[in-house]
Amino acid sequence: MICNTKSEFLTGLRIALENNNVSDTRDILTDFRQHFEDGEAAGESEAEVCRKLGDIDEIIKQYINDDGIDAAAETTVTQAKQTGSDASGFGADTQYSAPPPPQYGNVQTAAPQPQKFSPSAGKIVGIICLDLFVYSWAIPTLASLIISLMSVTIAFLTSGLAVLIAGIMSCFMNMSGVIVTGFAPASLIFLGLLVTSLGGMLLIASIASVKGFVNIIIAIINHHARIFSGHNVLRKIGKKYREVQV
Amino acid sequence: MQTQLKRGTLEMCVLSILCRGDRYGYELVNIISDCMHITEGTIYPLMKRLKDAGSIDSYIVESQEGPPRKYYNITDSGRLIQKEQEQEWRTFSAAINRLLDGEENRS
């Protein structure tokens, strides 16, 4: 997965390291955090550092090679990717069975070990509790806030436009027509413009909040997909959403 | 450049750089990426692998500004490995260059 911010990268990396049972997670995260800080000190943006660090899956694969599955297994993945078969995605949780091809340099060879990864019971309980909170409180609350913001927006826009139209009409009807108001036409027009522009600002705010809401939901789905990456169906869903986001 | 070829030689590059002095992660990554295109994130797994193998070691330096920094230094066994790899590489690349230049029949 490709990230744009330091926290996104570090969180993604931590989850991937934990899911793949890589040892010394804390040390590894410290190294990367330091890298970000040095990058920022050198004037690079977080997005730039992320881009140069590359794909988290790619980094994780290197750590897994380190912890048992050898470089040969990874070659198999790379080749499979090139031929277009489905070895992409969460990389490490694919099962390997190919014999190790010859190695260049003195990379140590060991027989590829098939590894299975599945979420622990603790993680499942944790995610269920989180879901209860998210679905029963956070999402409804956020949704109702957004809906009320939207209705206020609509109210402002329509009433602003109505006052504006009334102002314009009263110009032509010389205050003697259908619309009788106690205001001068000019002040009505200005009032209408003011309320409409307030409504416009609210409209921008509500569009932004709807976008944020959708992003939160995508983030939750992605998080689930990562936690349950051992499961085939969920892995596919996760992959699909990742592609959507990228 | 081909990933396989790069991966095989990256270890040698890291050891060679550390032979000339201690470096911290970001510094090391930049020295290498100035010379060739690498996925920078893969240097850290390599450092861990080298450290586990005993070729390099690391130590923490407290800094006045910012958090402490992790420096890498080469060990004696790392130096031996580097020497061996450099020798191998020079012989190998000389042979490849001869083949590429079509000079295999001369000398």
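Chain naming here is simple, since letters A, B, ... match the order of the sequence lines and numbering starts at 1 in each. Note that this is a predicted model, so its numbers are computed, not measured.
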Mutual orientation of the aromatic rings belonging to B/Tyr26 and A/His35 [parallel < 30°, tilted 30-60°, perpendicular > 60°]:
perpendicular
More than 12 heavy atoms of other groups within 6.0 Å of B/Asp76 CG:
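Counting other residues, nucleotides and ligands, CG of B/Asp76 stays at 12 neighbours or fewer.
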Check each atom of [X] against the heavy atoms of chain B and say whether the ones under 4.5 Å are side chain, backbone, both or neither.
| X | answer |
| --- | --- |
| A/Phe36 | neither |
| A/Ile28 | side chain |
| A/Glu40 | neither |

Answer yes or no: is there a side-chain heavy-atom contact under 4.5 Å between A/Asp24 and B/Lys48?
yes
Answer whether the closest heavy-atom distance between the side chains of B/Arg69 and A/Asp38 falls below 4.5 Å.
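SC-SC contact between B/Arg69 and A/Asp38 confirmed.
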Quick one: CD1 on A/Ile59 to CD1 on B/Ile43, what's the gap to the nearest 0.5 Å?
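So the gap between those two atoms works out to 11.0 Å.
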Atom pair NZ (B/Lys70) and CG (A/Asp27), whose distance is rounded to the nearest 0.5 Å:
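Taking NZ in B/Lys70 and CG in A/Asp27, the distance rounds to 5.0 Å.
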Scored by heavy-atom pairs under 4.5 Å with chain B, the best of A/Gln34, A/Glu37, A/Arg51 is A/Gln34
Closest non-hydrogen atoms of A/Leu53 and B/Thr39, given as atom of the first, atom of the second and distance, are O-CG2, 3.3 Å
Is a side-chain donor or acceptor of B/Arg49 paired with a backbone partner of A/Gln62 at a separation under 3.5 angstrom?
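Yes.
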